[in-house]
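These notes concern the structure reproduced below.
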2 protein chains.
Amino acid sequence: MSNCLLPDMDRYAAVFNALSNPHRLQIYSLLSGCCTPGTTCELGTLTDYCVGDLGEHLDIAPSTLSHHLKELSNAGLIDMTRQGKQVMCAVNPQTLGEVREFFNPAAHA
Amino acid sequence: MSNCLLPDMDRYAAVFNALSNPHRLQIYSLLSGCCTPGTTCELGTLTDYCVGDLGEHLDIAPSTLSHHLKELSNAGLIDMTRQGKQVMCAVNPQTLGEVREFFNPAAHA
DNA sequence: TCTATATTTCGAAACATGTCGAATTGTTTA
DNA sequence: TAAACAATTCGACATGTTTCGAAATATAGA
């Protein structure tokens, strides 16, 4: 059994590309539960936000936000599900696990 | 003490940007010691390569390789030091540690 | 000093990205 | 059904990225 990651190179590159934009990284951090305004960091506490609530933290046009969310979703970093008028966003835990392994491959051997 | 990462958002975005290109990610993986040709994965075994040796794995022009190495270096992901005619490249362990914390912040609390 | 080897810098072309406003789609409530 | 709210799609523009070849720089050895 190999930990070899080279075959997945393009997929990991796409994941890092999704995190390479400050706005997208901020979105991902918010969903990761890091530094919710008014709280101390409760890391590992994944938090759901609807698109509109995310927008209140970001100072970008709704269309731009939508574009960034699509990129995060396409990369597998977040899941988006409609609930009534709103669309809820959440970290995809499986992809988070894969990225952790990428940087810390010995830890799961 | 807070694990808050928001102040470092732009820096992390720059790190992920450096890893967002398949060629750069392959360079970083080679230096990380993952999947050296002819070996099984010996992860955590950071490996040094000179620029020319990296180029033999990549099928890109030397000038392009040089550009990518500069990006990885600027992001703090690798260190480059000249040794005679050659320039040796190696993973910067501190930045690797910071990225690990980004995805696994509870682990060091 | 001259030559060979290793790497970088420069300039240009092709391509991708981030951003917005306007228009559109989906959903709930009056 | 009509209006209001939430989010997305589309088209356009400015900016940034990837790539190369040619030229320049750095080092070692004859």
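Note that the structure is predicted; figures quoted are calculated from it, not measured.
Note: CG (B:Asp53) to C1' (C:dA6) measures 11 Å, nearest angstrom. Protein atom NE2 of A:His67 is 16 Å distant from nucleotide atom P of C:dG21, rounded to whole Å. With rounding to whole Å, A:Gln86 atom CD is found 15 Å from D:dT8 atom C1'. C:dA6 atom C1' lies 17 Å from atom NZ of B:Lys70, rounded to whole Å. Between the CG atom of B:Leu65 and the P atom of C:dA6 there is a distance of 13 Å, rounded to whole Å. The CG-P distance, from B:Leu25 to D:dT18, rounds to 13 Å in whole Å. One can place CD of B:Glu71 at 14 Å from C1' of C:dT8, the figure rounded to the nearest angstrom. One can place OH of B:Tyr49 at 18 Å from C1' of C:dA6, the figure rounded to the nearest angstrom.
Rounded to the nearest 0.5 Å, atoms OH (A:Tyr12) and CG (A:Asp10) are 13.0 Å apart. Taken from CZ in B:Arg24 to NZ in B:Lys70, the straight-line distance is 12.5 Å, to the nearest 0.5 Å. In this structure, the separation between CG on B:Asp48 and CE on B:Met88 is 5.0 Å, given to the nearest 0.5 Å. A distance of 8.5 Å separates NE2 in B:His68 from CG in B:Leu58, rounded to the nearest 0.5 Å. The structure places CD of A:Glu101 at 11.0 Å from CG of B:Asn104, a figure rounded to the nearest 0.5 Å.
Checking D:dT19, C:dT5, D:dT18 against the side-chain heavy atoms of B:Arg24 singles out D:dT18 as nearest. For A:Asn17, the listed nucleotide lying nearest its side chain is C:dT17; candidates were D:dC20, C:dT8, C:dT17. Closest to the A:Lys85 side chain, of the nucleotides D:dT19, C:dT27, C:dT7, is C:dT27. Checking C:dG18, D:dA7, D:dC20 against every side-chain atom of A:Val87, the shortest atom distance belongs to D:dA7. Of the listed nucleotides (D:dT18, D:dT8, C:dT7), D:dT18 has the atom at the smallest distance from the side chain of B:His68. When distances are taken from the side chain of B:Ser66 to each of C:dT8, D:dA7, D:dC20, the shortest belongs to C:dT8. Candidate nucleotides C:dT8, C:dT28, D:dT8 were compared by shortest atom distance to the side chain of A:Met80, and D:dT8 ranks first. Side-chain proximity of A:Ser63 to the nucleotides D:dT27, C:dC20, C:dT27 is greatest for C:dC20. Looking at the side chain of B:Asn21, the nearest of the listed nucleotides C:dT9, D:dT8, D:dT18 is D:dT18.
If one axis is set at each end of the helix from C:dT1-D:dA30 to C:dA30-D:dT1 from five pairs, those axes are 20° apart, to 10°.
When each of A:Gly84 and A:Pro62 is assigned the nucleotide of DNA chain C bearing its nearest heavy atom, the one mapping closer to the 5' terminus is A:Pro62. Taking the nucleotide of DNA chain C with the nearest heavy atom to each of B:Leu69 and A:Asp59, the more 5' of the two is matched to B:Leu69.
B:Val51 places none of its side-chain heavy atoms less than 4.5 Å from the side chain of B:Ser66.
For A:Thr64, no side-chain nitrogen or oxygen approaches OP1 or OP2 of C:dT19 to under 4.0 Å.
In this pair, B:Phe16 and B:Phe103 present their aromatic rings tilted. The plane angle is within the 30 to 60° band.
No option in B:Leu31, B:Leu96, B:Asn92 other than B:Leu31 meets the side-chain contact (heavy atoms from CB on, under 4.5 Å) test with B:Ile78.
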